[in-house]
2 protein chains.
Amino acid sequence: MGTANQKTIQQIQSENSDFFRIAFSVDCVIFGFHKNELNVLLLKSDLEEFKDKWSLLGDLVRTDENLDDAPYRILQERTGLKDVFLEQVSTFGDIDRHPAGRVITTVYYSLINVKDHLLRLQHHELSWFPVTKMPQLAFDHYKILQTCIKKLQDKIDKEPVVFNLLPEKFSLRELQNLYEAILDTKLDRRNFRKKLFLMDWLEDAKEMEQDVPHRPGKLYHYRASTTKPATAQTLVQ
Amino acid sequence: MGTANQKTIQQIQSENSDFFRIAFSVDCVIFGFHKNELNVLLLKSDLEEFKDKWSLLGDLVRTDENLDDAPYRILQERTGLKDVFLEQVSTFGDIDRHPAGRVITTVYYSLINVKDHLLRLQHHELSWFPVTKMPQLAFDHYKILQTCIKKLQDKIDKEPVVFNLLPEKFSLRELQNLYEAILDTKLDRRNFRKKLFLMDWLEDAKEMEQDVPHRPGKLYHYRASTTKPATAQTLVQ
DNA sequence: GCAAAAGTGTTTTGCGTACACCCATGC
DNA sequence: GCATGGGTGTACGCAAAACACTTTTGC
């Protein structure tokens, strides 16, 4: 903040005790891809006001953790997941967004691979919901979710983030289904393949699909290498 | 937040008193356009640790105001400006970002028209600095500023926000200078004009520049109307 | 042999980019 | 008349979009 003067935070606290009536939380929109649908992980709300509603995974921020670390902790605690993709989206702080009092929340979205990590769903009631069939959400979580979906849609055009949602090896069809699910639209197969190969994100896994009732497709994996050869340089300028 | 159970905020507060050692602020990156340079409004820091450094305009969030309202209040209080363009950018919350204690801050950027509003600079030491010649900044404000510049650069390609930085009537040359200052690059004049007219953001003000030592250019103003008139529809078909 | 999806190329169109000359005004 | 910036059009290359047929496998 810009107006701090020469005081300790404790002094500020006592002089501005009102300001410390604000609680600070983090909420996570956790996306997964399952049965050709984009899913979100939700928790059954335990607030009386929101009985039968669901909510995003969230928690208060600890005083001894960086803000950007909090969502990693929450995911680890609730799902056992580590090393996931996470990105900050926005912060929501309307006065009345939480019925119990003033809570400002910073929202992150996460992309995880549902199949690889069998979630150890704890005693909490956790469940996946397709974004097209969302239950009633508590708080302002519906608005938050829509913001995250928009952000994700913008992101996948330019950045190779979708691979976080897929198993290591995948077919082009699966990848296209995923893009279609996120963008909520149909894509032309030939143009999609052309564009993806141009992006230089894919590497041939030298394997084929197994046990499909039709001609098996090739499998690919994400080319993590950031060493984009000459192409990148020619694109600049 | 997602894990609230049936408690009042006061109960939560007493049980989690540690969490309420976090202060919550808002910082504003206020952009102006002056002498063909993108400028930022800064305040001389009054923290001893940051003597001779400058900082963004910020303040603690009040318990009785929506988060998104706080930056409007801050701008009003410090500069007298009302009805400005403001957009939330991101929230910064590293443990040690503020020397006096734990402060999480949500950052907004603002675009204002320097000439129209003669700022009533109060007793605070406020000053404009070109983004190319920034002084030493306090806290993590340099990082915050860079994030905001990046956001602004992305934004002006798609959205008509730059007009907030200009007087009501302006020449195409001024507009191009502004784009060049924000993007930190040179643009081709003919292509720039073509693109801007295609965007359908401009309307002929039926006036010319005055007192310029060369052929005067036409003045335009921003076409606020989102009602793209018949042209679009009649041209289709 | 039939169903189902894989794999593949060409054409068209629009957009971004590069580029040079005449024009209107103040001095 | 000269310096300064205003105003305009064309050609090229690339990328997006539209579009149909053959191939491979399981059953």
Side-chain angles (χ1 to χ4, degrees), chain A residues 35-36 153-154 156-160 166 169-181 183-221 228-237, chain B residues 35-36 153-154 156-159 166 169-221 228 231-232 235-237:
Chain A
K35 299 202 173 169
N36 284 343
Q153 289 174 338
D154 288 346
I156 62 173
D157 238 41
K158 308 152 227 151
E159 306 284 340
L166 291 172
K169 294 167 185 169
F170 49 85
S171 67
L172 272 171
R173 165 61 55 185
E174 285 175 283
L175 185 59
Q176 183 176 341
N177 285 341
L178 176 51
Y179 268 90
E180 291 180 344
L183 299 173
D184 191 26
T185 184
K186 285 286 167 196
L187 300 172
D188 179 85
R189 203 164 81 251
R190 282 164 295 189
N191 293 334
F192 178 78
R193 298 164 92 90
K194 216 182 310 174
K195 180 173 172 178
L196 260 290
F197 288 129
L198 261 179
M199 288 288 186
D200 200 36
W201 291 341
L202 298 179
E203 204 162 40
D204 192 338
K206 309 251 161 113
E207 281 182 56
M208 307 294 277
E209 286 179 302
Q210 302 284 331
D211 302 319
V212 286
H214 55 76
R215 172 174 174 180
K218 281 173 106 169
L219 297 184
Y220 296 85
H221 52 75
K228 279 201 186 178
T231 50
Q233 291 175 354
T234 45
L235 284 180
V236 180
Q237 231 287 351
Chain B
K35 300 203 173 170
N36 284 344
Q153 289 175 337
D154 288 346
I156 63 173
D157 236 42
K158 307 152 228 151
E159 306 284 338
L166 291 172
K169 294 168 184 169
F170 49 85
S171 67
L172 272 171
R173 163 64 53 187
E174 286 174 282
L175 186 58
Q176 183 176 341
N177 286 341
L178 176 52
Y179 269 90
E180 290 180 342
I182 295 175
L183 298 174
D184 189 28
T185 184
K186 285 286 166 198
L187 300 172
D188 178 85
R189 201 164 85 252
R190 282 165 293 188
N191 293 335
F192 179 78
R193 298 165 92 88
K194 214 184 311 171
K195 180 172 171 177
L196 260 290
F197 287 130
L198 262 179
M199 287 289 187
D200 201 34
W201 290 341
L202 298 178
E203 204 161 42
D204 192 338
K206 310 251 160 113
E207 281 183 54
M208 307 295 275
E209 286 178 303
Q210 304 283 332
D211 302 319
V212 286
H214 55 76
R215 171 175 174 181
K218 283 173 104 169
L219 297 183
Y220 296 85
H221 53 75
K228 283 201 185 178
T231 50
L235 285 180
V236 180
Q237 225 295 347

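Below, chains carry the letters A, B, ... as their sequence lines are ordered, and counting in each starts from 1. All heavy atoms count here, side chains included; hydrogens, waters and symmetry mates do not.
- In this structure, NZ on Lys206(B) lies 8.5 Å from NZ on Lys218(B), to the nearest 0.5 angstrom.
- Going from atom CZ of Phe170(A) over to atom P of dA6(C) covers 14 Å, rounded to whole Å.
- Rounded to whole Å, atom C1' of dG6(D) lies 15 Å from atom CG of Leu175(B).
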- Chi angles and distances behind the side-chain contact (heavy atoms from CB on, under 4.5 Å) call for Asn177(B), Glu180(B): CA-CA 5 Å; Asn177(B) 286 341; Glu180(B) 290 180 342; 3.9 Å; yes
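- Of the side-chain N and O atoms in Arg190(A), none sit less than 4.0 angstrom from OP1 or OP2 of dG9(C).
- Across the protein-nucleic acid pair, Arg215(B) atom CZ and dT25(C) atom P stand 7 Å apart, rounded to whole Å.
- In terms of position along DNA chain D, the nucleotide closest to Arg189(B) lies nearer the 5' end than the nucleotide closest to the other residue of the pair Lys195(A) and Arg189(B).
- Nearest-nucleotide positions on DNA chain C for Pro213(A) and Arg193(A) put Pro213(A) closer to the 5' end.
- In this structure, Asp204(B) and Leu219(B) approach most closely via the heavy-atom pair OD1-O, 3.6 Å.
- Remark: C1' of dC27(D) and CG of Asp211(A) are 14 Å apart, rounded to the nearest angstrom.
- Enclosure of atom CG in Asp154(B) by more than 12 non-hydrogen atoms of other residues, nucleotides or ligands within 6.0 angstrom is indicated.
- Put simply, CD on Gln210(B) is 14 Å from C1' on dA24(C), counting in whole angstrom units.
- In this structure, the CZ atom of Phe197(B) is 18 Å from the C1' atom of dC15(C), given to the nearest Å.
- Nearest nucleotide to the Asp188(A) side chain, out of dC19(C), dA6(C), dC19(D): dC19(D).
- Distance, Asn191(A) CG to dT13(C) C1': 13 Å, rounded to whole Å.
- Glu209(A) has its CD atom 12 Å from the C1' atom of dA4(C), to the nearest Å.
- For Lys194(A), the side-chain atoms get nearest to dG9(C) when compared with the rest of dG9(C), dC23(C), dA5(C).
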